[in-house]
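Please read the structure below before turning to the comments.
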Amino acid sequence: MRIATWNVNSVSARLPRLLEWLASVRPDVVCLQELKCDSDAFPAAEVAELGYEAAAYGVGRWNGVGVLSRVGLEDVTRGLIDEPDFESRAEPRAIAATCGGVRVWSVYVPNGREPGHPHYDYKLRWLAALHGTAAKEAASGRPFAVLGDFNVAPTDADVWDISLFAESTHVTEPERAALAALRDAGLTDVIPRPLKHDHPFTYWDYRAGAFHKNMGMRIDLVYADQQFAAAVTDAYVDREARKGKGPSDHAPIVVDLDL
DNA sequence: ATGTCGGTTCACAACCGA
């Protein structure tokens, strides 16, 4: 089974590239983030032509997550257990489905903006709710993983130059402690191979030629339970998808499993 | 190098979020 995750930065803007990528890479299951559309505006008919069922959770112009599958799509859950709101509004940042016997959560963790900002506290509360939800899933006995844009770089090596992040989110101790709590709950950080360079970065800013200079970050993660992690035969960052005209600012991660 | 995108609106230019 081939499972992927990709922050597409607008599924409507990315649709031609998404369809081309699905036809080329042929993942069985895909977790998508930053759909930036309403649930009922998701291009379900277009992905169906390639054999995919779709479950989308989107509200308006921000956020939005989804799961595509061509091996079945069951038990769809929208939102975490006890998920916090931001400024009294629920945001579509988590969706789960069971596909071919594997439970996947597609997540888009809040950015945090800057330490001390209300959005940063929201991010930490959101990660705590993710921990609670993941701990419950881990006890269910089926292989499962949380995949998506975590907006946290697990180690200093996961950003291109840690000296530039002194006052920044994504690298602070509380954010990394939230990832450590997920690992303590039994999840493994499935680190993908970079197809080029030393570090498996998954995100490069559109500005300043960041991709060309490899000024990237590893913030898209696959956190897998023991059964899922033990079945992994390969994992890589598909940096080809970050090239060319009209890319997302994130590259997909592709994980192959022998279940 | 706050240099780019994508989406939205008191829409044909300026904003917000990332």
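In what follows, every chain begins at residue 1, and chains take the letters A, B, ... in the order their sequences are listed.
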Measure the CG-CZ distance between A:L187 and A:F228 for me, rounded to the nearest 0.5 Å.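 Output value for this atom pair is 11.0 Å.
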In whole angstroms, how far is the [atom2] atom of [N] from the [atom1] atom of [X]?
X	N	atom1	atom2	answer
A:R113	B:dG17	CZ	P	5 Å
A:K36	B:dG6	NZ	C1'	5 Å
A:D249	B:dT2	CG	P	17 Å
A:L35	B:dG6	CG	P	15 Å
A:E91	B:dA18	CD	C1'	13 Å
A:H250	B:dG6	NE2	C1'	13 Å
A:N111	B:dG17	CG	C1'	8 Å
A:M215	B:dT4	CE	P	13 Å

Which whole number of Å gives the distance between the C1' atom of B:dC16 and that of B:dA11?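 Going atom to atom, C1' in each nucleotide, I get 15 Å.
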C1' atoms of B:dC5 and B:dC10, separation to the nearest Å: 24 Å
Show your reasoning for whether side-chain contact (heavy atoms from CB on, under 4.5 Å) applies to A:R93 and A:V107. CA-CA 6 Å; A:R93 294 182 175 276; A:V107 301; over 6 Å; no
Apply side-chain contact (heavy atoms from CB on, under 4.5 Å) to A:K36 and A:V8, showing your working. CA-CA 9 Å; A:K36 296 187 173 180; A:V8 290; over 6 Å; no
Answer with base, sugar-phosphate or nothing: what part of the nucleic acid does [X] contact at a heavy-atom distance below 4.0 Å?
X	result
A:F211	nothing
A:R207	base
A:S12	sugar-phosphate
A:A208	base
A:K213	base

Hey, which sits more toward the 5' end of DNA chain B by its nearest nucleotide, A:Y203 or A:V11? A:V11
Assuming nearest nucleotide by heavy-atom distance, tell me which of A:A13 and A:Y108 is located more 5' along DNA chain B.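 So the residue in question is A:A13.
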Need the glycosidic conformation of B:dC12: syn if within 90° of 0, anti if not. Which one? syn
Considering only heavy side-chain atoms of A:R61, the closest of B:dG6, B:dT8, B:dA18 is B:dT8
Looking only at side-chain atoms of A:Y206, point me to the closest of B:dG7, B:dT4, B:dG17. B:dT4
Can you say whether the rings of A:F86 and A:H119 are parallel (under 30°), tilted (30 to 60°) or perpendicular (over 60°)?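 Rings of A:F86 and A:H119: perpendicular, as their planes differ by over 60°.
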With under 30° as parallel and over 60° as perpendicular, where do the rings of A:W160 and A:F165 fit, or are they tilted in between? perpendicular
